[in-house]
Number of protein chains: 4
Amino acid sequence: MPALHHGNRHGRSEQARRSVLEAADDLLAERGFAALTVEGIAARAGVSKQTIYRWWSSKVDILLDTLADDMAQMLTPPDYRDLRRDLSEHLHRVARFLTESDAGAVYRALVGQAQHDPALAARLRTDYLSEQRARDRLPLLRGIERGDLPAGTDVDVAIDRLFGPLYLRVLVTGEPVPRAFTDRLVDAYLAAP
Amino acid sequence: MPALHHGNRHGRSEQARRSVLEAADDLLAERGFAALTVEGIAARAGVSKQTIYRWWSSKVDILLDTLADDMAQMLTPPDYRDLRRDLSEHLHRVARFLTESDAGAVYRALVGQAQHDPALAARLRTDYLSEQRARDRLPLLRGIERGDLPAGTDVDVAIDRLFGPLYLRVLVTGEPVPRAFTDRLVDAYLAAP
Amino acid sequence: MPALHHGNRHGRSEQARRSVLEAADDLLAERGFAALTVEGIAARAGVSKQTIYRWWSSKVDILLDTLADDMAQMLTPPDYRDLRRDLSEHLHRVARFLTESDAGAVYRALVGQAQHDPALAARLRTDYLSEQRARDRLPLLRGIERGDLPAGTDVDVAIDRLFGPLYLRVLVTGEPVPRAFTDRLVDAYLAAP
Amino acid sequence: MPALHHGNRHGRSEQARRSVLEAADDLLAERGFAALTVEGIAARAGVSKQTIYRWWSSKVDILLDTLADDMAQMLTPPDYRDLRRDLSEHLHRVARFLTESDAGAVYRALVGQAQHDPALAARLRTDYLSEQRARDRLPLLRGIERGDLPAGTDVDVAIDRLFGPLYLRVLVTGEPVPRAFTDRLVDAYLAAP
DNA sequence: AGATAAACGAGACGGTACGTCAGGTCTTCGC
DNA sequence: GCGAAGACCTGACGTACCGTCTCGTTTATCT
């Protein structure tokens, strides 16, 4: 059995890194963002505060770190070679990510915090949202290639129309986002693309 | 000249109330929500902390108080007896409210905070968003009455489709929301209501 | 029963002040200066760190505060109208203060700390030692007045000769300071004043 | 030129040892004992913390190490075969050691620290002060041998009387210790030995 | 000429305490 | 009785060092 890692010459402890990310995730889920503290994360992770501050600049920074992998994994659109189905499935997955997954809770917390913190907003956009936007474009671009959509289609506006109502419900009104709702958005878009 | 009010036997000081609301508004605009503290508001307003806690439960509560009047004032839709024009104008006003006004900044801060604070989320929805939703429905209801829209139109989905993309830009991507964009949303909606 | 004091407009809590001084004294006696921390004092006194820092600048400052009264009380020389007896008694009292009393332990800790901290050294000298020096002079001045000592006696050197050996044992060699020893110092001084 | 030493099989690096002792001495002189840290010494000496902890147990231990040689060198009493002159010269040297030399600063810091640290106090006494006491006795013992002092002279009390006032000024009152003062102590002692 | 093993630098680790800040509560006194 | 003032306890902040630990390198000595 490998002894517990207590630092070495070549870089950080992967063990400590994982403990921190898991502790942050768990505490966010259990108590919410407002009750999330660096001290609490350190205690839960069995890690010293200094170790956290050595590698992350704030609790927000930790949450961003937990988010990186999950988003690409969960939010890559499928390719059924069928525009309607691709959109329907992708929207549904995004809806489930946002409303049901732990990573979605992290994401909502960060978007909320970004309303108070322009630096976080900028970082979210350049590092996360732009990649997600690139993934969201894929089904539409494939649709244009196949001729299912007109050549001149404004893909960004399409994405705003398809996903905007979903974010409105998730972030503002708190209404549920069932498949019937997301499918209706697809219908509306395809009726007047 | 009447001396500054320092308490009396007949109800609260309107002066203190206004100082607090203004101070909160100003500090939010100047430094942002994260730097907004009850102590800072008290100092700026020339009021004691106790006075604030006597009448409001938190800084969020103060901001809610500043919001109440402004929203009804700024976000009541006009009535040109023309569905397209009503929607276009109303969406444009909402966009300007959200992106340019001080009250809009307060609103965004509160929606952000609501991501971390379920009690605030609930209060926002019951006390503010539902009223706003009622105002948003008016142009569409009038359109249905006039026969500009089919009788079975789902007004709530319509609102989600019209305003969702706008919120997506404001709260998430940070992209501007020019009139051209909001008009395009109206076009898309009217093309497939 | 009077409720516990939790602050008021005019002045500090005497209760908090006493708790802190007692806690500091106790902890010094129990664990020594090195283990004395502001956090520990706060916890023991049932007081917040903030309250300590509001009124004292450091643990050293607290200890100085505990010392003020005790020194004048314990170290005022008696007046038997007899030089030898006055000196003998005063030296003995100083020796007991330094070696046996709690206040003496505080004093030794502060003199020790003053070796590392010039600001403390200066403060000790101006605020405490100079007053003690004034008290130490009294028996000798009375002896000069009575003609028991020559008019030109250098009182300060006399004090150095009488008390120096005592401090050497207390601070450096750690040897005991019995009455036989202090009396011998008095004898030696009176033999060649 | 030999490359910098990075360890060898048998025995420690003399270079590292010297760097550490010098760094500790310099930092004590520059910033004082309170600001002296093992990390600071390591950085200044170009040595790793581990190397320090391998050979010394604390910063105090390092300072003790710097002191060992210096004391014997500087504080061995001369032998002029003249009691008054021997004592006068030795007292003067001790005074200069304590007040003017770097080693004296180290010594004062350690005596200060010993007030908070019984283990250090014990070690200082057994390893350093007893040797110094042996040196201090020499002039007096020679005086007794020569018949300059009575055979029954209590040498330890003599040392306390001669050196005590000096320590009082150095450690407590901070007054200067000029030759006139030390000579006066010798006069007083010889007048009533 | 290796192989070995002690001592080295670097630096990450779990901790303790620091001194500061804001939160929310309580008490006094002036108007 | 309201409001200003401000002291209080609580709890988290981010920092400085502590003393421990591993790692990969260097180098004197022993095969």
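We name chains A, B, ... by the order of the sequence lines, and we start the count at 1 in each one.
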Could you tell me how far apart C:Gln15 (CD) and F:dC9 (C1') are, to the nearest whole angstrom? 13 Å

Would you give the length of the straight line joining atom CD1 of A:Ile52 to atom CD1 of A:Ile62, rounded to the nearest 0.5 angstrom? 5.0 Å

Within this structure, what is the CD-to-P distance between D:Gln50 and F:dC17, rounded to whole angstrom? 19 Å

Value in whole Å for how far the P atom of F:dA5 lies from OH of B:Tyr53: 17 Å

Is any side-chain N or O of B:Arg54 closer than 4.0 Å to OP1 or OP2 of F:dC2? no

Which residue lies more 5' along DNA chain F, comparing A:Lys59 with C:Ala16 via nearest heavy atoms: C:Ala16

List the residues meeting salt bridge (charged side-chain N to carboxylate O under 4.0 Å, His left out) with A:Arg44, not counting sequence neighbours, and say none if there are none. A:Asp26, A:Glu30

For E:dT16, take OP1 and OP2 only and decide whether either is under 4.0 Å from a side-chain N or O of A:Ser48. no

Does C:Gly40 reach a base, just sugar-phosphate, or nothing at all? Heavy atoms under 4.0 Å. nothing

Separation of E:dA17 C1' from C:Arg44 CZ (nearest whole Å): 18 Å

Would you say F:dC8 has OP1 or OP2 under 4.0 Å from some side-chain N or O of C:Arg12? no

Within the structure shown, what part of the strands sits under 4.0 Å from C:Trp55 by heavy-atom distance: base, sugar-phosphate, or nothing? sugar-phosphate

With hydrogens left out and only the distance checked, is there a donor-acceptor pair under 3.5 Å joining A:Lys49's side chain and the base of E:dG14? no

Hey, are C:Glu14 and C:Arg18 close enough for a salt bridge, meaning a charged N less than 4.0 Å from a carboxylate O? yes

Heavy atoms of other groups near D:Arg54 CZ, more than 12 under 6.0 Å: yes

